[in-house]
Amino acid sequence: MTGLWTLFYKEILRFWKVSLQTILSPVVTTLLYLLIFSHVLEEHVLVYPGVNYTAFLIPGLVMMAMLQNAFANSSSSLIQAKMNGSIVFILLPPLAYWEFFTAYVAASVARGLVVGLGVGLAGLWFAAVPLVHPLWMLAFALLGSAMLGAMGIISSLWAESYDQMSAVQNFIIVPLTFLSGVFYSTASLSPLWRGVSRFNPFFYLIDGFRYGFFGASDVSPLFGLSIVATCFLALSLTTLLLLKSGYKLRK
């Protein structure tokens with residue numbers, strides 16, 4: 001297990017040494033969303049009874065920041081290693097493919113949680129947010145960050161350039177997070193678009209995470225958790241198979 005912990009520690013140091021870019025920057029960017037949307041819509045939107053829009057917005061932004069940064073952590077690390085050739089120093093040691101996977105996903109979870117905590121604490125300056133079901137909140141936070149960490153590995157294995165990696169981030173990850181109910185409740189959508197949103201796995205992450213704070217959600221949190229767990233399992237198995245085969249790593 002020494003190799004696993006060493007690789008995990010290396011990944012933690014990698015994003016921590018540039019924390020201004022990897023932690024502070026996404027926290028500030030997310031707070032700008034909070035400032036703009038809460039200022040514009042505070043008096044016009046009421047989602048849950050007794051919950052103002054700013055309080056409703058904070059958990060969604062926290063989860064959005066966690067997902068995007070968990071994906072960015074594993075994807076940026078691997079694509080940089082592939083492009084500059086340093087991936088050989090990770091492939092040479094006798095690391096099992098599951099150790100490789102575990103270390104990268106765990107580091108992605110760590111970065112996601114740190115950024116999410118930063119956004120959450122900063123958000124408390126704008127509105128008080130209750131925490132009704134902390135275990136539900138933690139379950140969705142961990143599964144969401146781990147799921148995006150696995151997606152980051154798959155994307156970076158597939159990508160052969162920074163442009164391709166950026167395309168995945170800009171045309172898949174960002175739209176899925178923005179259209180997952182971060183800024184609105186899907187209950188306010190028409191039946192057609194409400195049904196379409198159910199095919200977005202990020203919706204269940206946002207909705208379930210918000211349930212942990214308010215005890216209210218658009219779908220059953222247990223159903224949402226089962227969808228998220230299934231997606232994570234499928235992504236994990238896919239990632240493990242790719243790593244075991246050496247897909248675009250050994251050539």
Same apolar cluster: Val115 and Leu24, side chain cutoff 4.5 Å: no
To the nearest 0.5 Å, what is the distance between OH on Tyr53 and CD1 on Ile58? 11.5 Å
For Gly116 against Val62, the heavy-atom pair lying closest together: O-CG1, 3.5 Å
Min side-chain heavy-atom separation Phe140-Asp207 under 4.5 Å: no
hydrophobic_cluster_shared for Trp193 and Phe202, side chain cutoff 4.5 Å: yes
So, do Phe178 and Phe183 have ring centers that fall under 6.0 Å from each other? yes
Near Leu20 CG, under 6.0 Å, is it more than 12 heavy atoms from other residues, nucleotides or ligands? no
Value for CD1 (Ile79) from NZ (Lys82), rounded to nearest 0.5 Å, stands at 5.0 Å
So, for Thr102 and Trp98, which heavy atoms are closest and what is the spacing to 0.1 Å? OG1-O, 2.7 Å
Walk me through whether Leu113 and Leu142 qualify under side-chain contact (heavy atoms from CB on, under 4.5 Å). CA-CA 8 Å; Leu113 293 180; Leu142 292 174; 3.8 Å; yes
Which of parallel (below 30°), tilted (30 to 60°) and perpendicular (above 60°) describes Tyr204 and Phe223? perpendicular
What are the two closest heavy atoms between Glu11 and Ala107, and how far apart are they? CB-CB, 3.4 Å
Could you note down all residue pairs passing side chain to side chain donor-acceptor pair (under 3.5 Å) where residues 167-181 supplies at least one of them, sequence neighbours left out? Gln68-Thr177
Residues in salt bridge (Lys or Arg N to Asp or Glu O under 4.0 Å) contact with Arg194, at least two apart in sequence or another chain: none
Just grab all the side chain to side chain donor-acceptor pair (under 3.5 Å) pairs involving residues 15-37, residues at least two apart or on different chains. none
Are Val109 and Leu237 co-members of a hydrophobic cluster defined by side-chain heavy atoms under 4.5 Å apart? no
Counting only heavy atoms not in Lys10 (residues, nucleotides, ligands), do more than 12 fall under 6.0 Å from its NZ? yes
Going by heavy atoms in the side chains, are Ile23 and Phe15 under 4.5 Å from each other? yes
Steps toward side-chain contact (heavy atoms from CB on, under 4.5 Å) verdict (Met66, Val119): CA-CA 9 Å; Met66 285 194 292; Val119 174; over 6 Å; no
When rounded to the nearest 0.5 angstrom, what is the spacing between OG in Ser220 and CG in Leu225? 9.5 Å
For the residue pair Phe100 and Tyr104, is the inter-centroid distance of their aromatic rings smaller than 6.0 Å? yes
At their closest point, which heavy atom of Ser75 faces which heavy atom of Ser156, and how far apart are they? O-CB, 3.6 Å
Going by atom types alone, do Ser145 and Arg111 pair a side-chain donor with an acceptor below 3.5 Å? no
Report yes if the side chains of Leu35 and Phe126 come closer than 4.5 Å at any heavy-atom pair, otherwise no. yes
Could you pull out the closest heavy-atom pair between Arg210 and Tyr184, with the gap in Å? NH1-O, 4.3 Å
Taking the side chain as every heavy atom from C-beta outward, state whether Ile173 and Leu148 have any atom pair closer than 4.5 Å. yes
With no hydrogens and no angle check, do the side chains of Arg14 and Ser76 hold a donor and an acceptor under 3.5 Å apart? yes
Between Ser108 and Ala70, is there a donor-acceptor pair closer than 3.5 Å when you use the side chain of the first and the backbone of the second? yes
Of the non-hydrogen atoms in Gly123 and Leu34, which two are nearest, and what is the gap between them? CA-CD2, 4.2 Å
Do the side chains of Phe56 and Ser185 get nearer than 4.5 Å, heavy atoms only? yes
Atom CZ of Phe209 and atom CG of Leu67: how far apart are they, to the nearest 0.5 Å? 9.5 Å
Heavy atoms, side chains only, cut-off 4.5 Å: are Leu78 and Ile90 in contact? no
Listed once per pair and sorted, the side chain to side chain donor-acceptor pair (under 3.5 Å) pairs that draw on residues 226-239, sequence neighbours left out: none
Do Tyr211 and Ile206 touch side chain to side chain, with heavy atoms closer than 4.5 Å? no
Say you draw a straight line from CE of Met63 to CZ of Phe213; how long is it, rounded to the nearest 0.5 Å? 9.0 Å
Spell out, yes or no, whether Tyr247 and Met165 are grouped together once hydrophobic residues are joined by side-chain heavy atoms under 4.5 Å, including indirect joins. yes
Would Leu57 and Phe37 count as a side-chain contact (heavy atoms from CB on, under 4.5 Å) if you check the C-alpha gap in whole Å, the side-chain angles of each, and the deciding distance to 0.1 Å? CA-CA 8 Å; Leu57 194 58; Phe37 280 89; 3.7 Å; yes
What's the separation between atom NE2 in His133 and atom CG in Leu138, rounded to the nearest 0.5 Å? 14.5 Å
Single-linkage hydrophobic cluster, 4.5 Å side-chain cutoff, Val219 and Leu192 together: yes
Side chains of Leu157 and Leu243 in contact at under 4.5 Å (non-hydrogen atoms): yes
Contacts of type side chain to side chain donor-acceptor pair (under 3.5 Å), residue Glu99, not counting sequence neighbours: none
Output every pair passing side chain to side chain donor-acceptor pair (under 3.5 Å) with a member in residues 158-168, not counting sequence neighbours, ordered by first then second residue. Glu160-Lys248
side-chain contact (heavy atoms from CB on, under 4.5 Å) evaluation trace for Leu176 with Phe203: CA-CA 8 Å; Leu176 285 178; Phe203 157 73; over 6 Å; no
